[in-house]
Amino acid sequence: MNRISNRFAARWAACVLALALVATPLATFAQTQIKYHSNRYSTSDDVKVGRQAAAEAEQQFPLLRDSEVQSYVESVGQRLVAAIPPEFQHPEFRYYFRVINASDINAFALPGGPMYVNRGMIQAAHSEGEMAGVMAHELSHVALRHGTAQATKAQKYGLLAGIAGIAGSVLGGGGLGQLAAGSVGVYFLKFSREYETEADLLGARIMANAGYDPRELANMFQTIQQQGGGGGGGFLSDHPSPANRYQRINQEAQYLQVRNVQRDNRQFIAVNERLRSYPRAQTMAEIQRSGRRYPNQGDRNPNQGDPYPNGDRTGNPSPPSGRVDYPSSRFRNYSVLNLAQVSVPENWREDSDSSNSIWFAPSGGYGSTNGQSVFTHGVNFGVAQTNSRNLQQATNELINSLQQGNGNLRSRTGYQQTTIDGRSALAIGLNNVNEATGRQEIVSVVTTQLRNGELLYMIAVAPNDDFANYQNVFQNILRSVRMTD
Ligand SMILES: [Zn+2]
């Protein structure tokens, strides 16, 4: 009896083991394998054409100038970017996220990383997860390099002359207007059903890694359909539905483990409340038909608030009053030129005087004199192209150029070694006399190097008699910096 039952147990164990051997690889590989398509372009080609197309897109469509909405979408986007599986990451891609003030339920991403989410898409979504679903899908097209893969294919059939031709066919003629019109030539934006399936599956994986239920991606496609986004110019005309899209995503979701679940919809709800308070947005087609261009928003940061809080907006800004509220102890996150994330006091605002420089300052702490931005309180982040790749020499060059623009600027300390987000950095203290107010002020400059060798700097400024109140704030801002270049 014992023997038999032992033998039975042994056989049973062997059977279970065999099952396990079969079952384990099944469970592991049940996730659909996704591979790159053949692509004759380099990843830097993706970056290049994406950048050109982004510049064109930003002239054709109005960006929503609301820093709260913008930084929220950016933060969701960056969470998704961090969740891209390693085999589909490209260090040279620079992902950033902007909101277009258009009512269509749509979003598009360009090769190399720029992504545009329509206000209508955010307002149509029922939850942050649904919004993130569309973004994860778009991100997947970029990570899988579908734009240039599709161009490779087109070229094989003699449809296109080369990468320049592709950029031309996207940008020339109707340009991205073709996006709104849903017309031909949009090789980067309109994909085959095969690519759509891949973007759904990788999107689901990114969702799970980022802590979202991947089924929310499937739900969003239903939401889009229900709200009529399937029609001409809508998301589903740029992203045609493969067969059983909804079921396929949900099936894939069974094999995915959701990490660090995000269930907080409060920010999403708050952002939607803000969006509802704005006047109705035009559709992309209406924007196209109006023929209006937006030539100045591309070289300004879309995150900015009112650049002239103390002046009239018709081009007659006033100098900073220098009277400012004490910095809030609550901080808010911003993206710095898509190179870093930073937290600054909630009652400070964002302003940008060029594509390479961004300010955070309290109301009254900035304004304009003789056509130049002038700050009495706040921090400025910027990128300097220097001749030297040596941090010390590059910083010297920066300080010299600052002194050329500020005749009263004198160093008060030597260089001190420090770090920004773990990277070696240099700090120097300077004295200045503010050109607008005539007040003595203290200027602190901290520099570090970007991966591409350019110099990232933070300049903090406060009047001498106020400096004690600001020193800790500046320290906290510096410590909050997270590099994303
Ligand atoms: Zn798609």
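All ligand and atom numbering here is 1-based and tracks the order in the structure.
Taking the side chain to side chain contact (heavy atoms under 4.5 Å, CB included) definition, one finds that Asp264 meets it with Arg266, sequence neighbours left out. A search for side chain to side chain contact (heavy atoms under 4.5 Å, CB included) contacts involving Gln251 returns Arg248, not counting sequence neighbours.
Excluding waters, the set of protein N/O/S atoms under 2.8 Å from the Zn ion (ligand 1) reads His137 NE2, His141 NE2, Glu196 OE1, Glu196 OE2, His239 ND1.
In this structure, the side chain of Asp45 engages the main chain of Ser42 through a donor-acceptor pair within 3.5 Å.
When side chains are defined from C-beta on, Phe88 does not count as touching Arg145, because their heavy atoms never get closer than 4.5 Å.
Sorted by first and then second residue, the pairs that involve residues 328-346 and meet salt bridge (charged side-chain N to carboxylate O under 4.0 Å, His left out), not counting sequence neighbours, are Glu68-Arg332, Arg330-Glu346.
A salt bridge does not link Glu130 with Arg215: none of the charged nitrogens is closer than 4.0 Å to a carboxylate oxygen.
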